[in-house]
Amino acid sequence: MGKLRQIHWKLLSLILLAASTCLYLHRLLADEAGTAGSGSARCEWERWSCELQNSSCADLSWSDCASCNGSWLGLVLPKTWLRKSPPLSNCFVTGDDEMRCLPTLLNLAPPKSGTTEIYQQIQTMPEVISAAPAEPSSLCRGRSAFWCSKEPSFWHAPRSAASLQEYTLMYQPLTEKLQGGSGSSTIAVDWSPLNYEANPYLLGRFVGPAARFVAFLRNPVQRAESDYNWSIYTVGLSCTASKKKIQSPGSSSGSSQAMHKLFASSVKDFTTCAATSSPLRCWRRGAPARELNCRTFRESSAYVLRGLYSVYLSSFLEVFPGQLLVARAESLTWPRLAALLGATLAPRPTTATLAPFRGKHQVHLLPETQQLLKSFYAPYVLELQHMFNDSTLSWW
């Protein structure tokens, strides 16, 4: 009886702790960043952070995170940082009375959506400034300054308050313009093609209504093919152990047959999950399977799942209503891009052509693979149209 009583009190204590934690998060988010969304969404924020660390947490409530070896990944503002007035500004004042600002335009399109071409174009616009990291930067991971400015590699996996300070220093030119009184029309961009993996409930703590999110989306079938080719022959060849294994397009590591097998497996796994859970829940569960590195590039589901635009954008739309701009990348013209961003058009061609991957070992989708992907994506493309009330968001 005594042991049962102890268990009872432990369970009661855990329930009370979970409730108080959620209320604390609710107040913290509402007071500190004005995050949109319901209280349950804010609790979801913590549960999702646990899932990103350990996928086995997906079937547990957010309060059970620690019990499955998950850990809190939520970024916390340094204690001495205060949000600059107005309360929903994108800038903060540090304890040393220095101003630190976050970017005002963030890309949500995944890799191989034409992000590089669009990024190069917006950099020619006089109102636009990109990240300017001071080398060496741990956020750059040894990359060139251009690659790093396009990909600060932060929001999809923020690590610490120290990395937040380094990230804001990359936007020091924005801070200087604002302090000089000339930054009101400045557009500071984070064009990382990995932002789509970010936790929007976490991002909502820091980015206010002054920020905008854009997603210029490519035909998901063509994007998957391009992504596969790029990863197999760029990521793959950069991995020392793989260099001898993918020297010809007919190898098992990079062929139309291998691509079909992998894509069919990815479609089957996601469809099976979505039969009993919401697509968004399945998306979150699948975060580990979307990793792309030397160990996973041959079997990653990222190539297929990155094309589920409506699934991952739904949570961004919940947290940032009225701050998302979505359009087909194929129909984007440079004058329209400038108009959408409220920027000045630099002298450039008037049409945007998204070139397919043209690597030495390019492989193509089989007809049956194309049909498989079209059937898989079709309901999500329709959902995307309804979400943004835009029938032009269609590719077939």
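Since this is a predicted model, take the numbers as computed values, not measurements.
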Nearest heavy atoms of L324 and F316, plus distance in Å:
CD1-O, 3.9 Å
Using only atom types and a distance under 3.5 Å, with no angle test, would you say the side chain of S314 pairs donor to acceptor with the backbone of V311?
yes
Using every non-hydrogen atom in the two residues, find where N219 and E330 come nearest and quote the distance to one decimal.
N-OE2, 2.6 Å
Evaluate I187 against I122 for side-chain contact (heavy atoms from CB on, under 4.5 Å), listing each step before the verdict.
CA-CA 10 Å; I187 304 171; I122 65 175; over 6 Å; no
Do the side chain of R306 and the main chain of R290 share a donor and acceptor less than 3.5 angstrom apart?
no
Residue pair Q120 / T116, side-chain donor-acceptor N/O under 3.5 Å:
no
Can a donor-acceptor pair be found, under 3.5 Å and without considering hydrogens, that links the side chain of S226 to the backbone of Q222?
no
Can you tell me how the ring of F270 sits relative to the ring of F376, calling it parallel under 30°, perpendicular over 60° and tilted otherwise?
perpendicular
Working for side-chain contact (heavy atoms from CB on, under 4.5 Å), residues V363 and Y228
CA-CA 9 Å; V363 296; Y228 176 85; 3.7 Å; yes
Are F297 and W230 connected into the same hydrophobic cluster when the rule is that any two of I, L, V, M, F, W, Y join if their side-chain heavy atoms are below 4.5 Å apart?
yes
For Q323 and A211, the nearest pair of non-hydrogen atoms, with its separation, is NE2-O, 2.8 Å
Does the pair R100 and T175 meet the rule for a side-chain contact (heavy atoms from CB on, under 4.5 Å), with working shown?
CA-CA 6 Å; R100 299 285 180 85; T175 302; 5.6 Å; no
With a 4.5 Å heavy-atom cut-off, do Y196 and L194 have their side chains touching?
yes
Name the orientation class of the two ring planes belonging to W396 and Y377 (parallel below 30°, tilted from 30 to 60°, perpendicular beyond 60°).
tilted
Report whether L340 and I118 are members of the same hydrophobic cluster (ILVMFWY, side-chain heavy atoms less than 4.5 Å apart, transitive linking).
yes
In this structure, would L82 and L102 fall into the same cluster of hydrophobic residues linked by side-chain contacts under 4.5 Å?
no
Kindly assign one of parallel, tilted or perpendicular to the pair W191 and F216, based on the angle between their ring planes and the thresholds 30° and 60°.
tilted
Under the 3.5 angstrom rule, does the side chain of Q370 hit a backbone N or O of V221 as a donor-acceptor pair?
no
Taking all heavy atoms of K84 and all of M99, pick out the closest pair and write down the distance.
CD-SD, 3.2 Å
Are V326 and Y380 grouped together when hydrophobic residues (ILVMFWY) are joined by side-chain heavy atoms under 4.5 angstrom apart?
yes
Spacing of CG belonging to L217 relative to CG belonging to L313, to within rounding of 0.5 Å
6.5 Å
Euclidean distance, E225 CD relative to K112 NZ, rounded to 0.5 Å:
11.5 Å
Could you give me the CA-CA distance, side-chain angles and deciding distance for Y119 and N107, then say whether side chain to side chain donor-acceptor pair (under 3.5 Å) is met?
CA-CA 10 Å; Y119 174 71; N107 169 62; over 6 Å; no
Say whether, by atom type as modelled, one donor and one acceptor occur between the side chain of S265 and the main chain of K261 under 3.5 angstrom.
no
Heavy atoms only: give me the nearest K177-I129 pair and the separation to one decimal.
CE-CG2, 4.2 Å
For S301, what residues pass the side-chain hydrogen bond (donor to acceptor under 3.5 Å, both in side chains) criterion, not counting sequence neighbours?
none
Is there a donor-acceptor contact under 3.5 Å from the side chain of Q385 to the main chain of L393?
yes
For the backbone of Q121 and the side chain of T124, can you confirm whether one donor and one acceptor N or O come within less than 3.5 Å of each other?
yes
Apply side-chain contact (heavy atoms from CB on, under 4.5 Å) to residues L337 and M125 and explain how you reach the verdict.
CA-CA 10 Å; L337 174 63; M125 299 175 181; 3.9 Å; yes
Verify, without hydrogens or angle tests, whether Y309 (side chain) and R218 (backbone) share a donor-acceptor contact under 3.5 angstrom.
yes
Side chains of V319 and F213: closer than 4.5 Å at any heavy-atom pair?
no
To the nearest 0.5 Å, what is the distance between CH2 on W395 and OG on S331?
9.0 Å
Going by the rule side-chain hydrogen bond (donor to acceptor under 3.5 Å, both in side chains), which residues pair with R223 if we only count those two or more places apart in sequence or in a different chain?
D227
Run the side-chain hydrogen bond (donor to acceptor under 3.5 Å, both in side chains) test against S310 and tell me which residues pass, sequence neighbours left out.
E383
Can any side-chain N or O of T168 pair as donor or acceptor with the backbone N or O of Q165 at less than 3.5 Å?
yes
Linked, directly or transitively: L317 and F320 (ILVMFWY side chains, under 4.5 Å):
yes
Any side-chain to backbone donor/acceptor pair from T296 onto E291? Under 3.5 Å, distance only.
yes
Nearest non-hydrogen partners of P103 and N90, listed with the distance:
O-ND2, 2.8 Å
Hey, what do you get for CG (L280) to OH (Y312), rounding to the nearest 0.5 Å?
12.5 Å
Could you grab the distance from atom OG of S130 to atom CG of L105, nearest 0.5 Å is fine?
11.5 Å
So, taking the atom named CZ in R298 and the one named CD1 in I232, what distance separates them when rounded to the nearest 0.5 Å?
7.0 Å
